[in-house]
2 protein chains.
Amino acid sequence: MRIVIADCSVDYSGRLTAHLPLARRVLMVKADGSVLVHSDGGSYKPLNWMSPPCRLTEAEPDEAQAQAGVTGVWTVQNTKTDDRLVVSLHEVLSDTSTELGVDPGLVKDGVEAHLQKLLAEQITLLGDGHTLVRREYPTAIGPVDILAKSAGGASVAVEIKRRGDIDGVEQLTRYLELLNRDPLLAPVDGVFAAQEIKPQARVLATDRGIRCVVLDYDAMRGIDDVDSRLF
Amino acid sequence: MRIVIADCSVDYSGRLTAHLPLARRVLMVKADGSVLVHSDGGSYKPLNWMSPPCRLTEAEPDEAQAQAGVTGVWTVQNTKTDDRLVVSLHEVLSDTSTELGVDPGLVKDGVEAHLQKLLAEQITLLGDGHTLVRREYPTAIGPVDILAKSAGGASVAVEIKRRGDIDGVEQLTRYLELLNRDPLLAPVDGVFAAQEIKPQARVLATDRGIRCVVLDYDAMRGIDDVDSRLF
DNA sequence: AGCTAAATATCGAAA
DNA sequence: TTTCGATGTTTAGCT
């Protein structure tokens, strides 16, 4: 990992073209040759960057560039596409390199897959007497998160989201349209289950006869823990 | 901008919980208090981070932590949510601060609006004899990207995307339904135009009688350049 | 302010 | 390998 702090201007060309005017910035060069250009604000996203696979070449400025105060030019060329990042360095305040080694990587917990697993285990959250048919029930346009049966024996298709948006309702609507063509399943009711359901999504769902269920992740995880202790 | 290179472990809790085992990493502390944890690989995305608004507090390790080799603990707390990032520092190799100032920001060029402009200029890409009626043709549920007429005089509504997804087909379907109610326009054919069309989107479009057209951005831009030179 | 769509998205799993 | 959906998405545009 090489970190350079310098006054620089940056030009990118690839899917789009973009330009960064001269200013003081942090340049991060990773071991794989990728380059990140960071400012002292904004989010974790760099102002500009080049993703691997790519190669960094350093060159002296030509006469006109030198005249403009450029002391060095970095060209970062993607080795598979024609994406290119050109950094024109003016004053360089710092240039240090450190060996970091390979990172052991991130351990995550608590995503949508977990929600699906938990709801499958606690299927009666959909209503008393509900039973699980299967998770990832396959259809021609993709798998339905959960297929269940209600106490009355009707099929229930469940779409699970962390954040319930209009897109999710549209998705479930398509599944329902398809599933209801299957005489072995029809009629199929829809349930839109999410940790948080946006008002517009709720309105659309209700309008289409789709039931909304808000999932309490912590509570579900808690019950899961209790089960783990009991068995 | 403060940059620290150190052996550290990191814990995040918020929307999810995540843990980074002890390893050598780069910590970037921006002027707004946000923190980025970078390794020497991957993309521009940090291994872990805290977005502003947030506050960084540094503390001494407790006895147990000190016993484990921890020399300092950073707690980065989001000031609006209960998201929290905890960095346990072991050996610190480097700790430097630099004043960067406010960045003038990125200048972009060449996105979806450009695709629309190019297709309007090269409307015969839809088929011989096609003529442009207008871009951004207004309807009650929003403007259609392009309205054209085919050689046979039929109306053609075009939805343009950079990446053609199912959403875009749904959007075009809604437009077509509305436009076909207008006796002055009906019948209106649909064309789904994108740089890249996902298979599922293509299936859905075809099923609904919507034609798919893949746009070659570079070729269209090339022709545009030729035109620019001629006139 | 709130919502929707795009992104040089990135990332991971499944087919 | 390609495709597809999720993301602590982030970001920009619009109502």
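The shown structure was predicted, so the numbers you read here are calculated from the model rather than taken from an experiment.
- Contact annotation: the side chain of A:Ile146 approaches that of A:Ile123 to within less than 4.5 Å [non-hydrogen atoms, C-beta and beyond].
- Residue A:Met50 is classed as having no contact, given no heavy-atom separation below 4.0 Å to the nucleic acid.
- Nucleic acid contact for A:Tyr44: sugar-phosphate only, since backbone atoms but no base atoms lie under 4.0 Å from a heavy atom of the residue.
- Atom P of nucleotide D:dT11 and atom CG of A:Leu16 are separated by 15 Å, given to the nearest angstrom.
- For the pair A:Gln116 CD and C:dG12 P, the computed distance is 19 Å after rounding to whole Å.
- A donor and an acceptor atom, one from each side chain of B:Gln77 and B:Arg55, are nowhere located under 3.5 Å apart.
- In this structure, B:Asp32 atom CG and D:dT10 atom C1' are separated by 14 Å, rounded to whole Å.
- Residue A:Lys45 contributes atom NZ, which lies 6 Å from atom C1' of C:dA9 at whole-angstrom precision.
- Heavy-atom nearest nucleotides on DNA chain D were determined for A:Lys80 and for B:Leu47, and the one closer to the 5' end corresponds to A:Lys80.
- Across all strands, B:Thr81 comes closer than 4.0 Å to no nucleic acid atom at all (heavy-atom distances).
- Atom CG of A:Leu172 is separated from atom P of D:dG5 by 14 Å (rounded to the nearest Å).
- Within the structure, every side-chain polar atom (N or O) of B:Ser43 is placed at least 4.0 Å from both OP1 and OP2 of C:dA9.
- Under 4.0 Å is where a charged nitrogen must lie from a carboxylate oxygen, and between A:Arg24 and A:Asp7 at least one such pair does.
- Between atom SG of residue B:Cys8 and atom CG of residue B:Leu20 there is a gap of 7.5 Å, rounded to the nearest 0.5 Å.
- Distance, B:Gln195 CD to C:dA9 P: 9 Å, rounded to whole Å.
- In this structure, B:Arg202 places its CZ atom 16 Å from C1' of D:dT2, rounding to the nearest Å.
- Contact between the side-chain N/O atoms of A:Lys161 and the OP1/OP2 oxygens of D:dA6 is found at a separation under 4.0 Å.
- Within the structure, a side-chain polar atom (N or O) of A:Trp49 is placed less than 4.0 Å from OP1 or OP2 of C:dT10.
- Nearest to the side chain of B:Arg162, among C:dA7, C:dA6, D:dA6, sits C:dA7.
- In this structure, A:Glu159 places its CD atom 7 Å from P of D:dA6, rounding to the nearest Å.
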